[in-house]
Amino acid sequence: MSVEIQYEPNNICLLRISGVLQRAEFGAGQSAIGQNIDAGAQPRVLAILENFEGWERGADWNDLDFIFSHGDAIAKIAIVGEPRWEVEALAFAGAGFRRSPVKFFPTNQLTE
């Protein structure tokens with residue numbers, strides 16, 4: 001599994017996620033984004049799921065500290081991946097729970 005974070009112009013935080021998403025690696029990514037937010041950024045997150053295989057089984061995914069402490073600072077979230085991951089990815093990203101919009105796009109609509 002791999003999570004790569006790149007910061008692009010216009011406050012875009014690009015996440016490339018592949019394989020099975022591990023809880024520890026995801027937590028490290030959240031910490032990095034949290035530090036960026038603490039420095040004054042209001043990122044627009046673009047998460048690209050490449051060869052994505054799901055989430056680590058048996059991991060504690062119930063930690064909502066990041067959402068409560070930094071979630072409102074994220075301007076919007078776009079997730080790009082295979083359509084079979086849409087429902088789970090939107091739920092994982094907190095669509096409907098966050099103030100900011102969260103949208104899913106199939107891989108062939110990356111430019112959207």
**Prompt:** Y7 and I33: side chain to side chain contact (heavy atoms under 4.5 Å, CB included), yes or no, with the steps?
**Reply:** CA-CA 10 Å; Y7 297 99; I33 294 170; 4.0 Å; yes
**Item:** For Q35, all residues meeting side chain to side chain contact (heavy atoms under 4.5 Å, CB included), sequence neighbours excluded
**Value:** none
**Message:** Working to the nearest 0.5 angstrom, can you tell me the gap between N62 CG and L64 CG?
**Reply:** 7.0 Å
**Request:** Check A75 against S100 and note the closest heavy-atom contact, atom names and distance.
**Result:** O-CB, 3.1 Å
**Message:** Just to verify, what does A28 make a side chain to side chain contact (heavy atoms under 4.5 Å, CB included) with, not counting sequence neighbours?
**Reply:** none
**Pairs involving residues 42-60, ordered by first then second residue, that meet side-chain hydrogen bond (donor to acceptor under 3.5 Å, both in side chains) (sequence neighbours left out)** = R16-E50
**Message:** Tell me which pairs pass side-chain hydrogen bond (donor to acceptor under 3.5 Å, both in side chains) where either residue lies in residues 87-99, with sequence neighbours left out.
**Reply:** none
**Prompt:** Which residues satisfy the side chain to side chain contact (heavy atoms under 4.5 Å, CB included) test with P106, sequence neighbours excluded?
**Reply:** P83, N108, Q109
**Of T107, L14, I79, I17, the residue whose pairing with I48 passes side-chain contact (heavy atoms from CB on, under 4.5 Å)** = L14
**Request:** Give the cluster check for V45 versus I67: same hydrophobic cluster or not, with ILVMFWY residues linked at side-chain heavy-atom distances below 4.5 Å.
**Result:** no
**Message:** Assigning hydrophobic clusters by single linkage (Ile, Leu, Val, Met, Phe, Trp, Tyr; side-chain heavy-atom cutoff under 4.5 Å), is V87 placed with I77?
**Reply:** no
**Request:** Not counting sequence neighbours, which residues clear side chain to side chain contact (heavy atoms under 4.5 Å, CB included) with A73? List them please.
**Result:** I37
**Message:** Show every ring pair (Phe, Tyr, Trp, His ring centres under 6.0 Å) that has at least one partner inside residues 93-112, sequence neighbours left out.
**Reply:** none
**Prompt:** Do the non-hydrogen side-chain atoms of I74 and F66 ever get within less than 4.5 Å of each other?
**Reply:** yes
**Prompt:** Is any side-chain heavy atom of L49 less than 4.5 Å from a side-chain heavy atom of V80?
**Reply:** no
**Message:** Assigning hydrophobic clusters by single linkage (Ile, Leu, Val, Met, Phe, Trp, Tyr; side-chain heavy-atom cutoff under 4.5 Å), is V102 placed with L21?
**Reply:** yes
**Message:** Between H70 and D38, do the side chains contain a donor N or O and an acceptor N or O under 3.5 Å apart?
**Reply:** yes
**Contacts of type side chain to side chain donor-acceptor pair (under 3.5 Å), residue N11, not counting sequence neighbours** = none
**Item:** salt bridge (Lys or Arg N to Asp or Glu O under 4.0 Å) pairs, two or more places apart, involving residues 75-87
**Value:** none
